[in-house]
Amino acid sequence: MKTKKILSLLVVLSVIAQMFGLLPVVNAAGDIPSEVAVVDVSSLKDSYVTAGAFTNNGMVDVAAEMTTGYIVPKTVTAGTAPSYNAELKRYEGNFASTGSVNYYRLPFDSAVRRDQISKSNKFTNGGYTIESYFKIQNAAGANNGIFDAAFGGGFGFETTEAGNLAVYSRKNGAYIKNGSATIALLPDTYYHIVATITPTQVLVYCNGELKETVTTTEGDLYWPSNTKAPYGAVFGGNYSSTDGKLSGRMDGNIVFGNVYNKPLSAEEVTATYGDIVQRKTLTKVEELNTALTNIATQQATDFSEELEKLNIEGWSLMNNVGLTDAKINTYLAKVQGYTKKDFAFPLV
């Protein structure tokens, strides 16, 4: 009887640890590998070079939020606005291969950003990582850009005509491409894809699991030299740095796309996918979303610095890793404490 009680207690403690991001959850069944190091997913944002996520009216660069406020990258011809996905408990971008052009570009205009990955043809931290969480409807029959900066140099996630994932990384003047049938992209299915690139290897993970290892010749990241338009990583297509046009437009949804200044470890990749799964179990995200919607309405007449700080802090919670119900409750208490006579309605 005592053994059963002890086991029950351990299970409860494990669940609590998962809720607060202390243990990774790696799949929908809640399975946790027996030999996985504990990773604080909240600290991974410190390694962002650039990181795109969505709000109720556009896209933000999460990597810039704490220093310059949210940067809304270039949007070409307004298309379908981002929407809130109640199942994922996140905002996502909506993309179409026809009709109005709707894409977002995360900038690499600054040499400071590029130098975090590669400087003087040498990897700054031994490599880098690209990551995206998306669903694509038209994977087969065309080469579509998903999270892509591979026109003339750089890196990207695309699809092959067979409907499989292709990971590009340009080194030594040539593209390294996985492009095999290892990861077939099915319609109406969300995928968390991570590629870590080092001088001699490309490791491709799908939903927390290593799926492919590509051995490459020694080399570092090659950036395009001809840039008619500002260079950047594009959501929803392949952005040409030579003519500024978009090709390979996708049908589907993208939740986020991140570039890290180091190759993530297998444990860190597992933890990032665990964070996606754990987000679905939270009970307070809808309240956070309601508060942010109400704050946006209030800001039409209330231009106070304090309210703007609450707005930035709220979107930071919504779009960063390591979100918990406890963090949301702490934030909602701050919002509740912000009072003003002429509020049209409570913020929470």
Side-chain angles (χ1 to χ4, degrees), residues 21 24 26 36-37 39-53 61-64 106-108 110 112-119 121-134 145-150 153-158 165-171 175-179 182-183 191-216 218-223 231-235 254-276 319-322:
V26 300
V36 173
V39 173
D40 177 12
V41 292
S42 298
S43 66
L44 292 181
K45 64 184 181 181
D46 297 333
S47 299
Y48 287 156
V49 177
T50 189
D61 182 358
V62 179
L106 275 173
F108 278 101
S110 169
V112 174
R113 291 202 190 209
R114 294 195 295 273
D115 287 352
Q116 290 183 54
I117 297 176
S118 179
K119 185 176 182 180
N121 298 320
K122 295 293 182 183
F123 282 137
T124 307
N125 294 313
Y128 65 102
T129 299
I130 52 177
E131 172 191 28
S132 189
Y133 186 40
F134 61 88
I146 302 169
F147 181 48
D148 204 30
F155 49 81
F157 294 146
E158 299 183 10
L165 176 75
V167 178
Y168 287 86
S169 177
R170 189 168 176 86
K171 300 195 307 186
Y175 281 113
I176 305 301
K177 173 186 174 184
N178 78 321
T182 305
I183 303 175
Y191 293 93
H192 176 242
I193 302 296
V194 177
T196 63
I197 296 96
T198 69
T200 58
Q201 277 191 329
V202 178
L203 304 180
V204 183
Y205 299 82
C206 178
N207 295 344
E209 298 181 1
L210 178 63
K211 292 295 186 180
E212 188 163 11
T213 301
V214 180
T215 301
T216 69
E218 184 81 21
D220 300 296
L221 179 64
Y222 173 85
W223 295 104
Y231 185 65
V234 166
F235 289 76
I254 302 176
V255 182
F256 60 75
N258 302 323
V259 181
Y260 299 84
N261 62 13
K262 66 175 186 176
L264 295 185
S265 67
E267 292 79 13
E268 289 172 327
V269 173
T270 297
T272 58
Y273 180 61
D275 185 71
I276 290 172
N319 288 318
N320 260 319
V321 293

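Small disclaimer: the values here were computed from a predicted structure and weren't measured.
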### Message
If you define the side chain from C-beta out and look only at heavy atoms, does anything of Val202 sit under 4.5 Å from Phe155?
### Response
no

### Query
How many angstroms lie between SG in Cys206 and NZ in Lys211, if you round to the nearest 0.5 Å?
6.0 Å

### Check: Thr129 and Val194 side chains under 4.5 Å, non-hydrogen atoms
yes

### Task
Using side chain to side chain donor-acceptor pair (under 3.5 Å) as the criterion, list what pairs up with Tyr205, not counting sequence neighbours.
none

### Message
Within the structure provided, determine whether Glu158 and Asp148 are in side-chain contact (heavy-atom separation under 4.5 Å).
### Response
yes

### Summary
CD (Gln201) and OG (Ser169) are apart, to the nearest 0.5 Å, by 12.5 Å

### Query
Tell me, do Tyr128 and Val49 make a side-chain contact under 4.5 Å, heavy atoms counted?
no

### Message
Within the structure provided, determine whether Phe157 and Ile130 are in side-chain contact (heavy-atom separation under 4.5 Å).
### Response
yes

### Task
For Asn261 and Gln116, indicate whether the former's side chain and the latter's backbone hold a donor-acceptor pair under 3.5 Å.
no

### Message
Quick check: closest heavy atoms across Gly126 and Pro263, and the distance to 0.1 Å?
### Response
O-CG, 3.9 Å

### Query
Considering only heavy atoms from C-beta outward, does the side chain of Leu203 approach that of Leu210 to under 4.5 Å?
yes

### Message
What's the separation between atom CG in Asp40 and atom CD in Glu268, rounded to the nearest 0.5 Å?
### Response
10.5 Å

### Task
Compare all side-chain heavy atoms of Tyr191 with those of Tyr133 and state whether any distance is below 4.5 angstrom.
no

### Query
Do the rings of Tyr273 and His192 sit parallel, tilted or perpendicular, given the 30° and 60° boundaries?
parallel

### Message
Given Asp275, which partner from the list Thr270, Leu44, Asn320, Val41 fulfils the side chain to side chain contact (heavy atoms under 4.5 Å, CB included) test?
### Response
Val41

### Query
Do Glu131 and Asn258 come close enough that some side-chain heavy atom pair is under 4.5 Å?
yes

### For Ser42 against Gly322, the heavy-atom pair lying closest together
OG-CA, 3.6 Å

### Query
Below 6.0 angstrom between ring centroids: does that apply to Phe147 and Phe235?
yes

